[in-house]
Participant: 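Dumping the structure here so I can ask a few things about it.
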Protein chains: 2
Amino acid sequence: MRNKISLKDIAKAVGVSTALVSYVLNNREREARVSPETAKKIREAAKELNYQPNQLAKSLKSGKSLAIGLILADISNPFFGHLARTIEDESKKKGYTVIVGSSDENYKNSERLMNTFIERQIDGFIIAPAEGSEAQLKYLNELNIPFVLIDRYFKEIESSYVVIDNFRATHDATAKLLELGHQNVAFVCYNNQLQHTIDRYNGYSKAMEEAGKKVTSKLLCKVKFNNPGDFHLKFRNLMTKGNKIDAVLFSTNTLSTLGLKTLMDLGIKIPDEVAVFCFDESESYDLFYCPVSYVSQPLKEIGQRAVQILVEMIGAKSGFHRQVILNSELVIRESCEKR
Amino acid sequence: MRNKISLKDIAKAVGVSTALVSYVLNNREREARVSPETAKKIREAAKELNYQPNQLAKSLKSGKSLAIGLILADISNPFFGHLARTIEDESKKKGYTVIVGSSDENYKNSERLMNTFIERQIDGFIIAPAEGSEAQLKYLNELNIPFVLIDRYFKEIESSYVVIDNFRATHDATAKLLELGHQNVAFVCYNNQLQHTIDRYNGYSKAMEEAGKKVTSKLLCKVKFNNPGDFHLKFRNLMTKGNKIDAVLFSTNTLSTLGLKTLMDLGIKIPDEVAVFCFDESESYDLFYCPVSYVSQPLKEIGQRAVQILVEMIGAKSGFHRQVILNSELVIRESCEKR
DNA sequence: CTATACTGCTTAAACGTTTAAACTAAGTAT
DNA sequence: ATACTTAGTTTAAACGTTTAAGCAGTATAG
């Protein structure tokens with residue numbers, strides 16, 4: 001059916017061996033001493049026949065696929081969508097193709113994706129790991145397949161990663177809220193053991209401690225992943241049970257969006273009745289009645305650094321790891337004012 | 001560096017030929033009459049050595065890569081992110097891997113992606129085409145590479161596609177606004193020649209005509225792509241130059257978000273001063289002070305049908321095309337009320 | 001005791017590349 | 001005349017699979 005043109009077809013058309021065609025089309029005619037006329041004929045024939053090299057065969061020969069496997073926690077989450085975009089751009093610059101997969105925060109999916117990608121001989125991975133994927137990452141290490149974690153990492157796993165200083169991000173956001181005079185600053189996070197969740201909690205907790213505040217369960221809201229019902233139940237409880245909360249720090253972008261919506265539904269005025277600090281940028285904030293304060297992650301830099309490190313690792317003969325911790329930025333707007 | 005295990009390694013370990021190993025690991029031991037003991041030994045060795053088949057070599061041999069190239073107009077746009085998700089899910093079910101690329105609405109990028117994917121021997125494409133990509137699609141047809149267009153299509157290109165009835169969508173939304181008693185219904189769209197833009201305009205225009213309304217330039221706002229400056233200039237003009245506009249229909253999700261934000265910035269009350277109808281669902285709407293009416297596209301079905309058709313096309317010996325036009329749904333909420 | 005069939009395996013070619021090595025024909029140096 | 005160089009090309013093996021064809025050796029049928 002499909003008219004696939006190979007080196008052999010060009011060779012036949014011109015009347016030379018495939019070797020010559022290969023040399024010419026890889027611009028190695030000089031070192032292979034191909035005559036200019038032959039080279040010209042080969043190039044013309046290649047164009048004429050719409051030749052497209054078979055990257056699979058090349059990869060098989062070279063052992064390099066020039067492909068990077070990107071495993072996102074959730075491709076439909078714009079945070080990861082933007083990250084994917086920067087990673088694609090940077091990879092393109094370095095001559096790599098990106099194969100994207102979404103684990104949907106499920107380590108089983110992630111494992112299947114990993115195997116699919118390994119079978120396709122990708123040269124390395126960039127991964128936003130789901131909870132519970134430690135074993136898989138160890139496995140990658142055993143196989144000597146280079147990978148870089150983004151957004152999240154595991155303390156006990158030897159690996160390269162590019163993340164932000166999550167402790168500092170929530171610490172500074174909390175301190176800002178306290179500095180503005182808020183008394184009862186609540187913290188909303190997911191109920192998981194991912195390091196960035198822990199770090200963000202610790203940052204909040206430390207800032208509270210420094211201000212002489214006690215973190216009680218009345219200030220905490222830990223909700224299940226991918227479970228809006230659980231969120232609504234717990235967050236409504238937090239905000240309506242007379243806990244006197246006058247400020248809330250949300251620790252992820254999904255929690256931020258859910259939280260703002262719930263506050264709006266509850267008719268709680270921001271910032272008059274409660275101040276709000278969100279995590280990550282979102283187009284949604286643009287439509288909120290009150291300009292939203294948030295922790296801004298350097299998405300572009302995360303993507304670029306991850307690709308750069310991965311490409312270095314792929315090129316290196318001996319394994320090494322590089323850890324990058326970037327700074328985030330507080331974007332302070334009306335939502336965290338003290339009224 | 002990387003410890004890649006091949007059939008040969010297993011064959012050596014067990015003391016048989018690679019052929020036997022291949023038969024066993026493909027569960028074809030019966031037809032190849034491999035003895036149960038040998039088969040067992042082979043499986044054990046494969047497990048022991050962590051064997052992962054080389055899909056590249058398989059594809060080279062079979063001429064099938066079991067991979068689908070997905071070219072999105074913009075991966076950071078959640079509309080396409082969600083679509084990508086359903087396409088990945090459905091492809092997985094059918095045994096295909098998806099390779100995603102984002103053209104960023106630029107046909108040059110799209111062309112480069114296409115070539116990269118062809119070189120990787122993808123079996124077919126799913127494409128949300130950028131403006132100006134007609135020539136590339138014709139080229140795909142020449143090469144007999146199956147593809148399915150989504151979201152957009154071209155009248156003059158023979159192809160399969162899965163789209164919604166855009167004419168009907170805007171027609172019905174406009175009719176709804178008129179039925180509610182709005183007099184001057186404005187229409188905001190991109191200034192391009194993509195069929196879905198034209199269809200959406202025609203739907204609006206027809207509904208206006210049916211109501212005995214004339215569509216004048218005072219009601220139209222055609223803005224440049226990827227150019228918020230142009231949008232703000234023209235849309236502000238539209239809304240503030242005494243055009244008496246009492247309802248606006250936005251024709252894409254990006255225009256909807258930009259529009260809502262601008263209306264909010266201008267202090268124009270929705271729906272009291274102006275009614276609003278948006279296109280596509282968005283998390284952002286959740287945070288808008290007024291529940292937003294919108295045209296809801298069946299994302300899941302679009303993705304599923306696209307994959308199903310593509311897989312059929314890949315499997316067919318002779319070329320065929322299938323066009324699917326799905327219905328969208330109007331979600332009517334407060335934003336389009338007549339006050 | 002000779003065909004024939006079956007069992008359990010190996011061989012070898014092929015997919016589309018790359019690339020070291022070999023080959024031929026001509027030119028140059030001694 | 002002989003050896004060596006150079007230019008321009010071909011040959012062939014290799015990457016990791018698949019699979020048709022072949023080959024022993026044993027079992028069964030007549």
Side-chain angles (χ1 to χ4, degrees), chain A residues 1-43 45-46 49-67 118-123, chain B residues 1-42 45-46 49-67 118-123 143:
Chain A
M1 185 73 262
R2 179 162 155 195
N3 109 66
K4 291 192 188 179
I5 300 294
S6 71
L7 288 188
K8 210 188 281 181
D9 299 309
I10 300 177
K12 203 183 295 174
V14 179
V16 294
S17 69
T18 62
L20 272 201
V21 182
S22 173
Y23 286 124
V24 170
L25 297 183
N26 286 295
N27 297 313
R28 298 180 52 204
E29 35 182 324
R30 305 289 305 259
E31 60 184 285
R33 297 173 310 200
V34 182
S35 79
E37 308 93 67
T38 313
K40 188 161 170 251
K41 276 194 258 172
I42 289 173
R43 273 188 239 279
L49 295 171
N50 270 330
Y51 172 70
Q52 308 253 36
N54 185 328
Q55 181 62 39
L56 262 42
K58 285 191 181 198
S59 298
L60 182 59
K61 191 79 224 309
S62 67
K64 295 267 151 222
S65 65
L66 293 180
I118 292 174
E119 286 176 7
R120 290 188 184 277
Q121 310 298 116
I122 54 93
D123 294 332
Chain B
M1 186 73 260
R2 179 162 156 194
N3 110 64
K4 292 191 187 178
I5 299 295
S6 70
L7 289 188
K8 211 189 278 179
D9 299 309
I10 299 177
K12 205 183 294 174
V14 180
V16 294
S17 70
T18 60
L20 271 203
V21 182
S22 171
Y23 286 124
V24 170
L25 297 183
N26 287 294
N27 297 312
R28 299 180 51 203
E29 37 182 322
R30 306 287 308 257
E31 60 186 284
R33 298 171 312 199
V34 182
S35 80
E37 309 92 68
T38 312
K40 187 159 169 254
K41 275 194 260 171
I42 287 173
L49 295 172
N50 269 328
Y51 172 70
Q52 306 254 39
N54 184 328
Q55 181 62 39
L56 263 39
K58 284 193 182 198
S59 298
L60 183 58
K61 191 83 223 312
S62 68
K64 295 266 150 224
S65 64
L66 293 179
I118 292 174
E119 287 174 7
R120 290 189 183 278
Q121 310 299 114
I122 53 93
D123 294 332
L143 294 185

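Below, read A as the first sequence line, B as the second, and so on, with proteins coming before strands; counting in each chain starts at 1. Fair warning: this is a prediction, and the values are worked out from it, not measured in the lab.
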Participant: Rounded to the nearest angstrom, tell me the gap between atom NZ in Lys40(B) and atom C1' in dG8(C).
Facilitator: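 So the NZ-C1' distance, Lys40(B) to dG8(C), works out to 18 Å.
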Participant: Please report, rounded to the nearest Å, how far the P atom of dG16(C) is from the CD atom of Glu119(B).
Facilitator: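 The distance from CD of Glu119(B) to P of dG16(C) comes to 15 Å, rounded to the nearest Å.
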Participant: Which atom pair, heavy atoms only, marks the closest approach of Asp123(A) to Gly63(A)?
Facilitator: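 Of all heavy-atom pairs spanning Asp123(A) and Gly63(A), the closest is OD1-O, 4.3 Å.
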Participant: Give the minimum heavy-atom separation between Ser6(B) and Asp9(B), together with the two atoms involved.
Facilitator: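 Residues Ser6(B) and Asp9(B), closest heavy atoms: N-OD2, 2.7 Å.
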Participant: Does Ser22(B) use its side chain to pair, donor to acceptor, with the backbone of Thr18(B) at less than 3.5 Å?
Facilitator: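 No; zero donor-acceptor contacts below 3.5 Å.
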Participant: Assign Ser62(A) to base, sugar-phosphate, or nothing according to its heavy-atom contacts below 4.0 angstrom with the strands shown.
Facilitator: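 Here Ser62(A) touches no strand at all.
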Participant: Between Ser65(A) and Gln121(A) (side chain of the first, backbone of the second, donor and acceptor by atom type, cut-off under 3.5 Å), is there such a pair?
Facilitator: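 Indeed, once roles are kept as given, a pair shorter than 3.5 Å links the two residues.
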Participant: Can you give one letter per nucleotide of nucleotides 17-26 of chain C, going 5' to 3': B for a protein heavy atom under 4.0 Å from the base, S for sugar-phosphate only, - for none?
Facilitator: BBBB------
Participant: Can you check the Leu60(B) CG to dA13(C) P distance for me, whole Å?
Facilitator: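 Going from Leu60(B) (CG) to dA13(C) (P), I get 17 Å.
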Participant: Step by step, work out the side chain to side chain contact (heavy atoms under 4.5 Å, CB included) result for Arg120(A) and Leu66(B).
Facilitator: CA-CA 10 Å; Arg120(A) 290 188 184 277; Leu66(B) 293 179; 3.9 Å; yes
Participant: Round to a whole Å and report the spacing from NZ of Lys4(B) to P of dC15(D).
Facilitator: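 Those two atoms, NZ and P, are 13 Å apart.
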Participant: Output the rounded distance in Å from CD1 (Ile42(A)) to C1' (dT9(D)).
Facilitator: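 Going from Ile42(A) (CD1) to dT9(D) (C1'), I get 10 Å.
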Participant: Quickly work out the Arg30(B) CZ to dT19(D) P distance and round it to whole Å.
Facilitator: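 After rounding, the reported distance stands at 19 Å.
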Participant: What does Ser17(B) touch in the nucleic acid at a heavy-atom separation under 4.0 angstrom: a base, only the sugar-phosphate, or nothing?
Facilitator: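 Result for Ser17(B) = base.
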Participant: Which heavy-atom pair separates Leu20(A) from Val34(A) by the least distance, and what is that distance?
Facilitator: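 What the structure gives for the nearest pair is CD2-CG2, 3.5 Å.
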Participant: Using a cut-off of strictly less than 4.0 Å, decide whether Thr38(B) has a side-chain nitrogen or oxygen near OP1 or OP2 of dG8(C).
Facilitator: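 No, Thr38(B) has no side-chain N/O under 4.0 Å of OP1/OP2 on dG8(C).
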Participant: Determine yes or no for a side-chain-to-main-chain donor-acceptor pair under 3.5 angstrom, with Ser59(B) supplying the side chain and Gln55(B) the backbone.
Facilitator: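 Confirmed, Ser59(B) side chain pairs with Gln55(B) backbone.
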Participant: Take atom CD of Glu37(A) and atom P of dG8(D), then tell me their distance rounded to the nearest Å.
Facilitator: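 Taking CD of Glu37(A) and P of dG8(D), I get 8 Å after rounding.
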Participant: Rounding to a whole Å, what distance do you find between Lys12(A):NZ and dG16(C):P?
Facilitator: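 In whole Å, dG16(C) P lies 11 Å from Lys12(A) NZ.
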